Structure formats: C-alpha cells, structure tokens
Colleague: 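One structure, pasted below without further comment.
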Amino acid sequence: MGYETVRMGEKKKLLLLTDKNNYFTSKFDGTQKTHFLNQVDIVKIMEKLQCEFEVEHETFDQLDLRKKYQGWYIVYGSTEERGLFYKGYIEDILLKLYLDGAVLIPGFEYFRAHGNKCFQEMMRNQFRNKKVKNLKSEIIGRYDDLDVFKYRDFPYVVKSSSGSGSAGVRLVKTPEELKKAVKKLSKSFYYDYYFTRFRDLGYIRMIWKFKVWLYNRLKRTQNLNNPNKWF
C-alpha cells in the first residue's frame with residue numbers, strides 16, 4: 001500500500017524507528033552465549049541523511065500512533081527476545097504505519113520472517129532460485145494437526161517456529177519420536193519464555209518445570225498475561 005504525496009522541491013520524510021536504547025535489533029540471551037549489538041549513533045545517521053530527507057527519530061514506546069505517516073519512509077528495527085511476544089507488538093505498529101501509507105524498509109514480509117521459521121519456509125517456497133528450494137519441509141500449526149502417517153523417510157529434523165541455535169530443534173528417527181518431539185515443542189514456551197524473573201522462587205527452573213508438569217496433568221492452562229496465574 002505504500003505510496004508518496006511529495007511536492008516538487010520538498011524533501012521526502014524519513015523516520016528512524018528503534019527501541020528505547022537506540023538499537024535496531026535488541027540483544028537477547030541465546031542458547032550458547034549472550035549476544036550484544038552496537039548502539040547506533042542516531043545523530044550521525046540523521047546528519048548524513050538530512051541532505052536528502054526530512055529525518056526524524058522515534059522509539060517504539062514514544063511513537064505518536066495518532067499521527068498519520070502517509071508517504072513517509074520508515075527505517076525500523078526488530079527484536080530477538082524469546083517467544084516473539086514483543087515482536088508482535090512491533091508488528092502491530094508496523095501494520096498501522098503500513099495502513100497509513102508509509103513505505104516500510106525493509107518490507108513487512110521480511111520483518112515477519114525474522115526469527116519466524118514457519119514464515120521463513122513459506123517465503124523460501126516462493127523463491128525462484130532452485131538452490132534455496134532443495135530441502136523439503138512441512139509446517140505444522142499444533143500437535144493436533146500432525147498426521148504422523150504421512151512421514152515415511154526418516155530421520156527428520158523438527159524445529160519450533162522461534163528459537164536460536166539448537167534450542168527447539170529435535171532429530172527424530174521414528175514415528176513415535178516425531179510425535180513426542182512435536183508435542184514437546186508445542187508446549188516449550190511454558191518454561192523457556194518465562195524463566196527470566198529470578199526475584200520469584202517460582203521461576204527457579206526445576207520448580208517451574210514441576211509446576212508445568214503438575215498443571216498439565218490437571219489439564220489446566222497458563223494465563224500468558226500473568227505467568228503465575230493458572231486457570
């Protein structure tokens with residue numbers, strides 16, 4: 001939908017959109033080590049671009065969503081925090097800007113693919129280059145969608161949609177292992193994404209795993225807005 005309404009002689013408008021620490025991609029705790037990114041010098045970038053653009057800088061948390069950005073170019077960042085939860089918030093903002101008529105850089109589909117293995121596979125299947133289509137893959141939305149009888153040429157590699165390194169990756173050699181892996185990865189967010197708050201005894205890993213096991217046995221689910229609340 002992106003389009004422009006710029007008069008002759010007027011500078012095009014450009015918005016640099018980052019997190020509150022001026023990162024285009026926030027750091028995250030990976031499975032092997034903690035990843036750090038260099039902070040961007042926003043002032044220098046704006047100085048370089050001002051000869052061609054009317055440049056502004058905002059952070060996601062300070063952006064005035066009542067303002068219309070029709071015709072603006074939006075250069076934005078993403079996030080690699082676990083679980084794609086904050087990324088979903090950024091997605092809402094980008095979709096609003098897109099509907100305003102802003103031009104997103106990079107395009108929205110590439111943001112969607114960042115850290116999202118399911119959508120990466122969907123995009124890969126659209127590429128014309130056959131070299132990137134040499135692997136066959138299937139996308140499963142949830143455990144109930146699994147048709148284990150269609151898989152015959154074992155072994156397979158099963159991956160969760162989010163996660164980095166070896167997290168959320170399983171090698172399966174039999175139909176039974178396939179079922180167990182898909183079922184486990186479908187539930188992995190319970191303790192993987194909430195084991196971050198050391199102030200609460202309930203977040204100690206073994207206690208948290210026990211809570212998850214107990215409530216799964218009781219067939220009770222977790223309130224994602226309040227990880228300590230089950231219903």
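Keep in mind it's a predicted model, so treat the numbers as computed, not measured.
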Colleague: Name each donor-acceptor pair under 3.5 Å that joins a side chain in residues 57-68 to protein atoms two or more places apart or in another chain, with its distance.
Modeller:
from  : atom 1 : to    : atom 2 : distance (Å)
His57 : NE2    : Thr18 : OG1    : 3.0
Thr59 : OG1    : Asp61 : OD1    : 2.7
Asp64 : OD1    : Arg66 : N      : 3.1
Asp64 : OD1    : Arg66 : NE     : 3.2

Colleague: Could you tell me if the side chain of Asp19 sits less than 4.5 Å from the side chain of Thr79, heavy atoms only?
Modeller: no
Colleague: Donor-acceptor check, side chain of Lys87 to backbone of His114, threshold 3.5 angstrom: yes or no?
Modeller: yes
Colleague: What pair of heavy atoms forms the shortest contact from Ser161 to Cys118, and how long is it?
Modeller: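 Ser161 and Cys118 have their closest heavy atoms at OG-N, 3.7 Å.
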Colleague: Is the side chain of Tyr76 donor-acceptor paired with the backbone N or O of Pro106 at a distance under 3.5 Å, no angle test?
Modeller: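 Looks like yes, one N/O pair under 3.5 Å.
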Colleague: Is there a path of hydrophobic side-chain contacts, each under 4.5 Å between heavy atoms, that joins Tyr151 and Phe149?
Modeller: yes
Colleague: Please round to the nearest 0.5 Å and tell me the distance separating atom OH of Tyr143 and atom NZ of Lys180.
Modeller: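 Going from OH on Tyr143 over to NZ on Lys180, the span is 10.5 Å.
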Colleague: Which distance, rounded to the nearest 0.5 Å, do you find between the CG of Leu49 and the CD of Glu54?
Modeller: 12.5 Å
Colleague: Please examine the side chains of Ile90 and Phe111, heavy atoms only from C-beta on, and report whether any two atoms are closer than 4.5 Å.
Modeller: yes
Colleague: Could you tell me whether Glu121 and Arg124 have a side-chain N and a carboxylate O separated by less than 4.0 Å?
Modeller: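 Arg124 and Glu121: salt-bridged.
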Colleague: Taking only Lys NZ, Arg NE, NH1 and NH2, and the carboxylate oxygens of Asp or Glu, determine whether Arg112 and Glu91 approach each other closer than 4.0 Å.
Modeller: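 Yes.
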Colleague: Using modelled atom types only, decide if a donor and an acceptor are shared between the side chain of Lys13 and the backbone of Glu56 within a distance under 3.5 Å.
Modeller: no
Colleague: Does the side chain of Phe53 reach to within under 4.5 Å of the side chain of Lys12, using non-hydrogen atoms?
Modeller: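 In contact.
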Colleague: Mind checking what makes salt bridge (Lys or Arg N to Asp or Glu O under 4.0 Å) contact with Lys48, not counting sequence neighbours?
Modeller: none
Colleague: If you take the centroid of each ring, where Trp contributes its six-membered ring, are Tyr156 and Phe154 closer together than 6.0 Å?
Modeller: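 Ring centroids of Phe154 and Tyr156 are less than 6.0 Å from each other.
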Colleague: Quick one: does Val148's side chain get under 4.5 Å of Val182's, heavy atoms only?
Modeller: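 Result no, sub-4.5 Å side-chain heavy-atom pair not found.
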Colleague: Just jot down the salt bridge (Lys or Arg N to Asp or Glu O under 4.0 Å) partners of Lys96, sequence neighbours excluded, or say none.
Modeller: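 Checked Lys96 against salt bridge (Lys or Arg N to Asp or Glu O under 4.0 Å); matches are Asp100.
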Colleague: Hey, does the side chain of Asn21 reach the backbone of Tyr23 with a donor-acceptor pair shorter than 3.5 angstrom?
Modeller: no
Colleague: Less than 4.5 Å apart, side chain to side chain, heavy atoms only: is that true for Trp72 and Leu97?
Modeller: no
Colleague: Would you find more than 12 non-hydrogen atoms of other residues, nucleotides or ligands less than 6.0 Å from Tyr110 atom OH?
Modeller: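 12 or below, so no.
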Colleague: Once you round to the nearest 0.5 Å, how far does CG of Leu185 lie from CZ of Arg170?
Modeller: 5.0 Å
Colleague: Determine, for Glu47 against Lys44, whether the closest basic-nitrogen to carboxylate-oxygen distance falls under 4.0 angstrom.
Modeller: no
Colleague: Taking all non-hydrogen atoms of both residues into account, name the closest pair between Ala113 and Gln120 and its distance.
Modeller: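 Closest heavy-atom pair between Ala113 and Gln120: O-NE2, 2.8 Å.
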Colleague: Starting at CG of Asn22, measure out to CD1 of Ile45 and round the result to the nearest 0.5 Å.
Modeller: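 Interatomic distance, Asn22 CG to Ile45 CD1, rounded to 0.5 Å: 9.0 Å.
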Colleague: To the nearest 0.5 Å, how far apart are CG in Leu104 and CG in Leu95?
Modeller: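 That separation rounds to 9.0 Å.
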Colleague: Measuring from Ile74:CD1 to Leu17:CG, what's the distance to the nearest 0.5 Å?
Modeller: 7.0 Å
